[in-house]
Amino acid sequence: MAYNDKNYFQDIVEGVKTLAVGMKTTLVEYFTPKSTEQYPENRKTTLHVSPRFRGRLVFKRDEEGAYKCTACTLCEKACPNDTIKITAHMDTDPETGKKKKKLDDYQYDLGDCMFCQLCVNACNFDAIEFTNDFENAVFDRSKLVLHLDKEVYEGGSLPDLIDGGAPLTIGKFNTKTK
């Protein structure tokens, strides 16, 4: 019986020590000055996004606005969760008389995409790429279904976003101490 009493009181002392360590950590954090990133207000001047960040899929276009996609469906086959859906038809070229695939619709569901970049790697014609545009929040999920052949991507809502946004400065943040 004496052994159990000794063990019981040792457990109580250990519990009080653990509680004291937790309270000390809490008090130290409570009195440490807090810093808050001022994201929505000052994002144009201080937000840096890596150029390698995968934000959304877009068609690469030339100076005239034409895309390189040949509707080969390699990107659709490489997509692991059927995010890309391509519809095409066979068209006869009047000059050569050869049949060629013609793209009708390139549908990309941004809400289902896992940004794995397998579609970009599978494309033999270098027709698609990921941009680092990350502000894609919408209230209606159907607005995340994009038709890449019908839209021309002009860049994100932030200046120089494709180049990485604001210049990266190590150790300096846009913070406000509260």
Side-chain angles (χ1 to χ4, degrees), residues 36-175:
T36 305
E37 181 79 24
Q38 300 299 316
Y39 167 67
E41 294 85 18
N42 298 333
R43 66 179 180 228
K44 294 183 179 178
T45 57
T46 60
L47 182 66
H48 176 77
V49 180
S50 172
R52 297 183 311 172
F53 177 77
R54 301 177 196 148
R56 65 174 282 188
L57 193 67
V58 295
F59 267 175
K60 288 185 178 179
R61 297 187 182 258
D62 58 9
E63 294 82 30
E64 294 113 29
Y67 50 82
K68 302 177 186 178
C69 183
T70 60
C72 66
T73 68
L74 284 175
C75 56
E76 182 179 19
K77 293 172 185 168
C79 184
N81 58 348
D82 296 329
T83 300
I84 299 171
K85 300 206 179 2
I86 298 174
T87 55
H89 69 278
M90 294 301 285
D91 198 16
T92 307
D93 190 11
E95 296 173 2
T96 60
K98 292 183 178 179
K99 288 189 175 186
K100 186 177 179 184
K101 249 187 182 180
K102 182 84 170 158
L103 181 67
D104 290 331
D105 189 28
Y106 192 102
Q107 182 177 331
Y108 165 64
D109 191 355
L110 181 65
D112 286 341
C113 185
M114 35 191 244
F115 308 103
C116 62
Q117 203 170 3
L118 291 174
C119 56
V120 175
N121 295 338
C123 183
N124 289 335
F125 302 98
D126 195 31
I128 54 176
E129 69 176 342
F130 273 101
T131 63
N132 55 358
D133 187 6
F134 62 93
E135 291 184 330
N136 298 309
V138 292
F139 287 107
D140 187 12
R141 196 167 164 79
S142 66
K143 292 181 182 172
L144 292 175
V145 177
L146 307 173
H147 299 276
L148 299 186
D149 58 323
K150 294 169 182 58
E151 71 173 33
V152 178
Y153 181 73
E154 298 289 335
S157 58
L158 299 174
D160 304 323
L161 181 69
I162 295 174
D163 300 326
L168 177 64
T169 54
I170 305 295
K172 183 178 181 212
F173 299 100
N174 176 27
T175 57

> What's the verdict on side-chain contact (heavy atoms from CB on, under 4.5 Å) for D149 and Y108, showing C-alpha distance, side-chain angles and the deciding distance?
Replying inline: CA-CA 10 Å; D149 58 323; Y108 165 64; over 6 Å; no
>> Assess the residue pair L148 and Y67 against the criterion (side-chain contact (heavy atoms from CB on, under 4.5 Å)); give the C-alpha distance rounded to whole Å, side-chain angles, the decisive distance to 0.1 Å, and a yes or no.
In response: CA-CA 10 Å; L148 299 186; Y67 50 82; over 6 Å; no
> What's the verdict on side-chain contact (heavy atoms from CB on, under 4.5 Å) for V58 and D133, showing C-alpha distance, side-chain angles and the deciding distance?
Replying inline: CA-CA 10 Å; V58 295; D133 187 6; over 6 Å; no
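Residue pairs satisfying the side-chain hydrogen bond (donor to acceptor under 3.5 Å, both in side chains) criterion with at least one member in residues 94-103, sequence neighbours excluded, are listed as follows: D93-T96.
Taking CG from N132 and CZ from R56, the interatomic distance works out to 11.5 Å, rounded to the nearest 0.5 Å. Rounding to the nearest 0.5 Å places CE of M114 at 10.5 Å from CZ of R54.
In this structure D91 satisfies the salt bridge (charged side-chain N to carboxylate O under 4.0 Å, His left out) test with no other residue, sequence neighbours excluded. Remark: Y106 engages F59 in a ring-ring contact (aromatic ring centres under 6.0 Å, His included) (not counting sequence neighbours). Considering only residues two or more places apart in sequence or on other chains, S142 meets the side chain to side chain donor-acceptor pair (under 3.5 Å) condition with D140.
A salt bridge links K150 with D105: the distance from a Lys NZ or Arg NE/NH1/NH2 to an Asp or Glu carboxylate oxygen falls below 4.0 Å.
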I'd like a table of donor-acceptor pairs (distance under 3.5 Å, sequence neighbours excluded) in which one partner is a side-chain atom from residues 70-82, with atom names and distances.
unit_1	atom_1	unit_2	atom_2	d
N81	OD1	T83	OG1	2.8
N81	ND2	D112	O	2.6

Tell me which donor-acceptor pairs under 3.5 Å the side chains of residues 118-127 have, and how far apart each pair is, sequence neighbours excluded?
unit_1	atom_1	unit_2	atom_2	d
N121	ND2	Q117	O	3.2
D126	OD1	K60	NZ	2.8
D126	OD2	K60	NZ	2.9

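Between N136 and G55, the shortest heavy-atom distance links the atoms ND2-O, 3.7 Å.
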